[in-house]
Each structure stands twice: as C-alpha cells, then as structure tokens.
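This report concerns only the one structure given below.
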Amino acid sequence: MAEGFYDFHAVEEKWQAYWDEKGTYRVDEDDPRPAFYDLCMYPYPSGPIHMGHVRNYTLGDVICRYRTMNGFKVLSPMGWDSFGLPAENAAIKEGIHPGVITRQRIEVMKQQIRRLGAAYDWRREVSCCEPEYYRWTQYLFLRLYDAGLAYKAMAPVNWCPSCQTVLANEQAEGGVCERCGSAVEKRDLEQWFFKITDYADQLLDDVEALDWPERVKVMQRNWIGRSHGVEFDIPIAGRDDLGPIRVFTTRIDTVFGMTYVVLAPEHPLVAELVRGTGQEREVTEFVDRVRLESEIDRLSTEGELDKRGVDTGAKAVNPFNGAEVPIYLADYVLAGYGTGAIMAVPGEDQRDYDFAVCYELPVIRTTRRPDSWTEPIYAGPGTKVNSGFLDGMDVDEAKEAATAWLVERGAGEAKVNYRLRDWLISRQRYWGCPIPIVYCDQCGTVPVPAEDLPVRLPDDVEFLPTGESPLRSHEGFLNTTCPSCDGPATRETDTMDTFVDSSWYFLRYCDAGNETAPFDPEKVGHWMPVDQYIGGIEHAILHLMYARFFMKALADLGLAPNDLREPFARLFTQGMIRMGGTKMSKSKGNLVSPAEFFDSHGADALRLFHLFVGPPTEDVDWSDQGVDGASRYLNRLWRLATGEVGTVVDRDETDADREITRGRHALVGKFTDDYERWTYNTAIAAAMEFTNELYRYAQSADGARRETLDDAVDHLLLVLAPMAPHMTAELWERRRGGHIHEEPWPAFDADMAAAETVTMVVQVNGKVRDRIDVAADVSEDEMRAAALASDRVQEQLGGRKPKKVIVVPPKLVNVVG
RNA sequence: GCCCGGGUGAUGGAACGGCAGACAUGACGGACUCAAAAUCCGUUGCCCGCAAGGGCGUGUGGGUUCGAAUCCCACCCCGGGCACCA
C-alpha cells in the first residue's frame with residue numbers, strides 16, 4: 001500500500017483498541033460533568049448485524065460523541081434482547097441449546113458492532129437471558145404480583161389441537177398453525193397478566209408532554225383508545241328471571257333511535273335467553289361456529305353480513321320509552337370490550353345501519369341533519385328529534401339529560417372505556433424468563449421468595465418438535481416444595497413475554513453490576529430519564545407502552561424515584577433501509593451485509609454514507625455507489641489533511657485567506673445547527689463544499705497561507721469527528737497530537753461567519769432578471785436604487801414606472817411593474 | 001373506512017414564503033497512463049436560439065401573496081399504522 005494512502009484497516013483497529021483500553025466512553029456517577037443518557041434500542045442477537053443496526057448505532061454514536069465534545073458525560077450502553085422464539089426454534093432444528101446458539105450470536109454481533117467504532121461503556125453490558133439479569137426480572141414480577149399488578153385469569157388463546165400448544169398471534173397467521181398447518185382454535189386457558197389498564201389514564205395523559213414524534217404519540221393514544229360514554233340496563237321483556245342487559249354507548253343521546261339490541265356471541269346471557277325456545281338450535285349453531293373461528297377468520301368474513309348474526313327471538317325493552325325491540329347476536333360485537341352488548345342505532349352508526357339493512361330492521365333517525373346531507377347515516381352535531389323528552393336539545397345537552405335520567409332511576413351511569421387490554425405475559429415456551437410461582441395443593445398459588453431467585457431454566461432439556469415447552473416434562477424443574485408449607489408443589493412452566501425483559505433493561509444499565517437489587521434507585525435517578533432514545537418505528541406501540549407502564553409502576557412501588565414517571569424523554573425513530581423498494585430481509589434474500597463494507601470501505605465510510613444518504617427519519621434505498629462516494633470524500637479529506645494538496649506558503653493574511661477563515665466559521669455554525677436538528681446530510685454536504693473550496697484554495701497560483709489552511713482543516717476534522725471518528729482521530733493525532741474526541745466542540749463567531757458582500761437577486765414581477773453584488777450591510781434605499789439602475793430591469797419595464805418595489809435586505813428586490 | 005407520512009432531474013436528496021435542483025450518485029466528454037484503476041478538469045431539468053437571451057418546469061386543478069416546492073381548498077397516486085372498540 002502506497003505511502004500516504006488512507007489505510008482504514010490499520011487506523012480503525014488502532015482507535016477501536018485505544019477507546020477500549022483507555023475507557024474513553026466509560027462514565028460514572030461521581031464524574032462532575034452533566035449527565036446525558038443516550039440509548040439505542042438493544043438488539044435481538046440474530047447473528048451478523050444488518051444495515052438497520054448500522055443506521056441505528058451510527059446515529060446513537062454521533063449523538064454520544066457530539067454531546068461528549070459539548071462537555072457532557074454520556075451514558076451510552078449496549079446489551080442483548082437475548083430471550084425469544086427464533087433461538088428456540090433454531091435449537092429444535094439443530095439440536096443445540098438456545099443458550100449456546102444465543103451466546104455465539106452475541107459474540108459475532110459484538111465483534112461487528114465494535115468494528116463500527118461505536119463508543120459504548122461495555123462494563124454495563126446486559127443480556128436478559130443470563131440468570132444475573134432474569135433473576136431481577138423475576139424479582140420485579142414478584143413486586144408487581146404483591147402490588148396486585150400481576151394476576152392469573154382465563155383468557156382466550158390461539159390453540160393448535162395437533163401440537164397441543166398455545167400459539168402467538170404471529171404463529172397463527174391465516175388461522176393456521178405455522179408448524180403443522182392445522183386450523184387454530186380459540187381456547188380459554190389460565191394465563192398471567194400485568195394490569196396495565198390500571199395505568200390507562202396516566203399512560204394516555206402523560207403522552208402529551210413527551211418530546212416524541214407526533215405519529216408515535218398518535219399511535220399510543222389510539223392504542224389506549226379512551227372513550228367516554230354511559231353504561232345502562234335494558235330489561236328483557238317477560239324475563240324477570242334473567243335480569244337486564246347491560247350496554248355501553250358513547251351516544252346515549254340517540255337512545256330513542258335504538259331499534260334492536262346486540263349481544264356478543266360469547267355473552268353470558270345467551271344460553272339462558274334461548275333455552276327451550278324455537279331459536280335455540282339456530283343460536284347454538286351460530287355460537288359454536290363463531291367460537292371455532294379464529295380472530296382472523298372473524299375479520300375476514302367481512303361482506304357476508306347475513307351469516308354473521310342471528311335473531312334470538314327475545315325482546316328487549318327500551319327503558320326510555322318502553323319500546324320492545326328484538327335481541328340479536330352478531331360477531332361484530334366483541335365480548336371483550338365494554339359490556340359485550342350494545343344498543344343498536346342504525347340511523348347514527350354505520351355498522352348498525354349495514355346490519356339493519358341486511359336483517360330488515362327499522363331505522364329511526366334522532367338528529368336533525370344538515371339539508372345537504374345525503375348519506376344514510378349521520379353522526380354529526382344537531383338538534384334532537386323523535387326523542388321524547390330530549391327533543392329540541394343539541395347532542396351534548398341530550399347526552400347530559402339522558403345520563404341524568406338514568407342515574408336518577410339507578411339504571412345507569414357515566415362510564416369510561418378503554419381499547420387497551422391487560423398485558424398477557426404468559427408464553428408456553430422454554431427460552432424466556434420463568435415465572436417465579438409455584439402451585440401447592442394446600443396453599444394454592446405461592447410466589448417464590450425473593451431470596452430463592454433466580455428460578456433457573458434447566459440446561460439438561462431436550463428440544464423436540466412436539467410443540468410443548470420442555471419445562472412441562474422436566475421433572476427436576478416441575479417438582480418442587482411449597483415455600484409456604486414445605487409440601488409437594490409444582491412450578492409454573494410458562495415463561496414471560498420477552499417484552500417484559502425489555503421493559504426495564506434501560507434501568508439495569510444504570511447499575512448493571514448490582515447483585516443485591518435490580519438497580520439502585522439513586523443511580524437510576526442520576527441517569528434517568530433517557531435523554532435520547534433511538535430505534536425503529538416498529539416499536540412505536542408495544543415496547544414503548546410496556547416500558548412506560550413499568551416505569552410508572554416501579555416508581556409507585558418505590559423501586560424507582562417517585563417523580564420518574566416516564567422512561568424516555570426524547571424519542572427518535574429512524575427510517576428503514578430498503579433494497580430496490582422493499583424492506584431488506586433474510587426471507588426476501590436482499591440483505592446487504594455491513595461486515596463486507598468494514599473490509600472493503602471501512603467503518604467511517606459506511607457511517608458517513610448512512611448519515612449522508614438522506615434525513616434519518618426517512619426510509620432509504622441501499623446503494624453500493626453511495627458508499628463509494630462517502631469513501632471517495634474521506635480519501636479527499638485525508639489527502640488534504642496530510643498536506644498532499646497544493647502548496648502552502650507563509651505570508652500576511654490576504655482577502656482570499658480571510659474568505660477561507662470566514663468559511664470555517666460558517667462551517668462550524670452550520671454543523672452546530674445541523675447536529676441539533678439531525679440534518680446530518682446537509683452538514684456533510686457543507687463539509688464537502690468547504691473541502692472543495694480548500695482544494696481550489698491550496699491549488700491556486702498564490703497557494704494557501706499556512707495558518708489559515710491549518711485552522712480550516714483542523715475545524716473540518718473537529719466537526720466531522722462524531723461522524724467519522726477513526727479517521728479524524730488519526731489525522732488529529734498526526735497534525736496536533738492528542739485525542740480529538742476529548743477536544744471541546746469548536747466555537748464559532750457569527751460575525752466572522754457573515755460574508756462581507758452578498759449577491760442580491762433582482763426580480764421583475766417575481767421573475768429573476770438580474771444579480772448584483774452588494775455589501776452585506778447595504779441599505780434598503782441603496783438596494784432599490786441599484787435594482788432600478790439595472791439595464792435588465794429597465795428593459796423588462798419597457799419605460800413603465802414600477803408600481804411597487806419590495807425590498808428584502810440584503811437578499812432580494814422585487815420590482816412590480 | 002379512519003388516522004398519519006410522502007409525491008422535486010436518470011437516482012438519493014437540497015431549498016424552515018424570496019436565486020428550484022446545493023451536495024452526492026450515475027452518465028457523457030477530456031487530461032494523466034502502454035493500458036487499466038485511482039486521481040484531476042468539464043458538461044448534465046426540458047424546449048427555442050450560433051449567441052446574447054427567452055419560454056416552460058416541484059403529482060393535478062384552483063386560491064392567498066409583490067413573490068408559493070413551501071401556506072389554504074379540492075382531487076389523483078404511493079408508503080405506513082389502526083381497523084367491526086359501540
């Protein structure tokens with residue numbers, strides 16, 4: 001390799017070793033610098049890293065290094081989301097323990113992440129599949145259990161009758177078991193839940209103050225889905241033995257338009273309602289059919305409305321006017337939301353209308369609609385009609401009056417409902433955190449005492465394609481003694497959803513080595529909340545919602561500081577890397593491996609490409625040529641900074657030199673702005689422009705003035721240091737000595753950055769007709785005079801007097817003629 | 001269906017009401033070279049013109065403004081999220 005050529009292999013290795021050994025990015029509580037917590041979502045260790053990781057960690061690293069230069073101690077940790085299904089499936093396929101596979105993959109990934117040059121405090125590394133970590137996941141489960149926030153209940157699950165196991169929704173796509181192809185059924189099984197619904201209001205209200213992308217906030221709000229309404233009783237005609245049907249509505253003002261009532265097929269009153277009636281057979285058949293259908297089938301039957309409901313033959317009595325209306329079952333009413341029963345108002349609800357048309361049920365409209373309205377249903381504001389004592393009121397008044405009417409009679413009350421359900425955490429799987437519970441014939445459900453944790457996953461298990469968790473047949477794991485009575489007991493064999501592990505890993509980073517507690521609340525208070533969280537938009541709902549719930553619950557339990565209610569103050573969601581228009585993925589076979597580029601172009605070139613290709617929020621298409629371009633630029637910078645370009649002379653400062661100094665002040669100003677705005681692509685463009693200018697400067701007949709060029713190049717290196725850390729460190733050391741990443745962020749002088757002369761644009765009727773160089777501090781009058789003196793302007797005016805002259809100092813004059 | 005994004009050269013993108021296309025990629029031409037690579041220089045939105053210059057141009061149509069890629073209204077197309085939530 002020729003002397004003077006940028007040998008990125010050697011340079012990158014050298015500096016990676018230096019940062020490791022010197023511990024440049026290790027930070028502690030007693031460091032007096034202000035704290036900044038910079039976090040990238042920890043990866044699932046799938047083996048080699050992909051371009052999405054590169055983009056994510058490059059952004060995180062740029063923040064880390066930039067904030068460090070700005071005087072912060074930046075906590076930037078890394079770890080592994082190492083429990084989960086893919087490793088267990090690989091274990092079944094290859095006959096290797098998932099722990100072995102996972103640990104190997106972590107090593108590969110860690111090596112590659114290191115080659116990216118990202119600065120992590122590796123002392124804080126966590127891996128949630130290790131007992132040192134999951135012990136504390138179990139501990140937190142127990143604390144939630146003690147607080148009544150973890151409970152066991154029956155829940156409908158996807159069940160494969162052939163594999164004899166529960167399937168996650170994504171394993172039951174299309175209503176078919178992904179392993180054996182059998183039709184998946186709904187089954188009711190005892191499952192563990194976290195009571196996230198207790199926090200629904202807080203989770204919703206606290207979204208407002210977060211510095212998060214608006215679309216993520218919208219998704220969180222929709223997911224929680226708070227709706228205010230009324231719950232009330234509708235008696236069943238002639239069936240005093242059955243008690244009323246309780247319904248929920250957000251439109252109690254439309255109650256006089258109720259022309260039928262609908263129960264969910266799973267509603268508890270159904271069996272009694274039809275027993276011994278002529279409708280019994282038809283209703284039972286309907287209920288059985290719906291029960292066997294998966295959620296997916298239920299949704300896909302859209303369009304065949306006539307098969308999706310059935311008349312029970314029974315009648316309900318509208319408490320407001322005594323009208324008798326039929327009671328139907330329909331699968332569009334969900335058992336799990338509200339009361340599982342609705343009053344149907346086909347005049348003011350689209351689904352009710354569609355159903356009513358199909359089953360020839362009457363439509364009563366209760367809101368006067370605008371004259372121009374032609375749609376069959378109207379749900380807007382207006383005056384009530386056909387509504388008894390509500391007539392003449394507007395919608396809001398009617399809601400209030402109808403609610404008061406119900407409350408007076410003890411027949412109903414205002415009620416808030418949520419779309420959010422409790423978090424089902426049970427997984428019938430091996431490779432997850434065991435739920436620390438035992439079942440004793442004498443004592444029932446007994447939590448494992450904290451001092452007995454961790455409940456370890458046994459290593460001596462066989463991974464067979466039976467579909468059943470190996471924990472269920474592992475005698476040594478299954479059989480234990482009751483912590484309460486010492487009698488024989490069996491362990492819970494379900495493990496926790498991996499989202500539980502990721503709901504607190506950012507707290508463990510604050511105190512990763514703690515052997516007596518999950519973390520010290522004081523240390524957590526020192527670093528938290530995360531100042532900048534960076535990750536993919538795919539976690540916009542689940543992970544971010546669960547982690548927020550954990551933070552609030554742990555603060556309430558005294559495990560974390562009480563005022564720490566939100567874990568992530570600022571969130572940045574990066575766009576995807578695509579290849580030829582589609583997402584890069586193994587299954588599509590369009591993966592581009594970052595590792596190849598470490599070898600062929602170097603980490604700095606790969607990082608620079610990712611930053612230059614476009615705004616980091618946007619999806620981007622991968623381009624090999626783009627990396628070539630980034631690499632070309634770095635080589636250009638290398639030649640400039642190693643003195644291979646042009647001639648350098650010693651002389652007194654000339655105008656040309658001063659223009660270069662002005663340029664470097666402007667450059668620093670541009671970078672300072674762009675780092676704050678995350679517009680790295682335009683910052684890099686400015687660096688390229690300035691580099692091109694320095695080339696012309698050094699190659700000009702007069703040559704470059706030594707101090708001026710050195711100062712300009714040094715500043716170019718400083719501003720690029722967070723983006724291309726290896727090359728800038730190497731050049732800085734050669735030119736200046738010392739470590740560039742310990743230099744302070746360069747100051748700039750806005751006055752120095754301002755140009756002395758600017759090019760003023762002269763428009764006639766909004767079209768550019770001339771350009772005139774003027775002093776930067778030119779007055780409005782001078783600009784107007786210069787513009788009107790322009791031959792081109794006079795030509796365009798053709799002797800007419802201008803009607804008006806708009807002057808925008810010092811950029812533009814618009815002559816309106 | 002509802003809710004977000006987004007439509008700018010051959011391509012990625014730039015332009016936070018004021019020069020549309022910065023910077024880069026690609027392509028073409030040239031220099032250097034025995035040759036190639038690397039590097040360097042030049043051209044590169046469309047149309048008319050020898051040129052000076054002129055006209056057109058940011059998905060479509062309208063509007064606001066001295067001035068619109070940018071703001072407003074309507075529509076078309078693409079991407080994403082949610083979807084019987086009463």
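To find a chain, count down the sequence lines: A is the first, B the second, and so on, and within it residues start at 1. Only heavy atoms go into these numbers, but all of them, side chains included; no hydrogens, no water, no symmetry mates.
Of the candidates B:U25, B:G54, B:G18, B:U25 carries the atom nearest the A:Gln625 side chain, counting heavy atoms from C-beta on. Comparing B:C82, B:A22, B:G18 by their nearest atom to the side chain of A:Leu812 picks out B:G18. Listed nucleotides B:G67, B:C82, B:G26 differ in distance to A:Arg632; the shortest reach to its side chain belongs to B:G26. With B:A22, B:G55, B:C3 as the candidates, the nucleotide lying closest to the side chain of A:Arg769 is B:G55. Distances were taken from every side-chain heavy atom of A:Asn692 (C-beta onward) to each of B:G55, B:C19, B:C23; the shortest belongs to B:C23. When distances are taken from the side chain of A:Asn814 to each of B:A20, B:C66, B:G13, the shortest belongs to B:C66.
In this structure, OG1 in A:Thr366 is found 3.5 Å from CD in A:Glu348, a value given to the nearest 0.5 Å.
At a cut-off of 3.5 angstrom, the base of B:C85 holds at least one donor-acceptor pair with the side chain of A:Arg421.
The distance from atom CZ of A:Arg636 to atom P of B:C23 is 12 Å, rounded to the nearest whole Å. Between A:Asn222 atom CG and B:C2 atom C1' the separation is 9 Å, expressed in whole Å. Spacing between atom NZ of A:Lys217 and atom C1' of B:G80 amounts to 20 Å, rounded to whole angstrom units. Between A:Arg351 atom CZ and B:C2 atom P there is a gap of 14 Å when expressed in whole angstrom units. Distance CG (A:Asn765) to C1' (B:C19): 17 Å, rounded to an integer number of Å. Regarding A:Lys767, its NZ atom lies at a distance of 7 Å from the P atom of B:G55, rounded to whole Å. One can place CD of A:Glu618 at 12 Å from C1' of B:G80, the figure rounded to the nearest angstrom. Taking atom CD1 of A:Ile537 as the reference point, atom P of B:G5 lies 12 Å away to the nearest angstrom.
There is a side-chain donor-acceptor pair under 3.5 Å between A:Ser227 and A:Tyr337.
Residue contacts for A:Val761: at a heavy-atom cut-off of 4.0 Å it reaches a base atom on one of the strands shown.
When the nearest nucleotides of RNA chain B are assigned to A:Ser227 and A:Gln699 by heavy-atom distance, the more 5′-ward of the two goes with A:Gln699.
Of the nucleotides present, B:U11 is the one that pairs with B:A24 by Watson-Crick or G-U wobble criteria, both distances under 3.5 Å.
A salt bridge does not link A:Arg639 to A:Glu644: none of the charged side-chain nitrogens sits closer than 4.0 Å to a carboxylate oxygen. Using a 4.0 Å cut-off between charged nitrogen and carboxylate oxygen, A:Asp674 and A:Lys670 count as a salt-bridge pair.
Put simply, A:Lys811 has no side-chain N or O that comes within less than 4.0 Å of OP1 or OP2 on B:G18. Between A:Arg639 and B:C40 there is a side-chain N or O to OP1 or OP2 distance below 4.0 Å.
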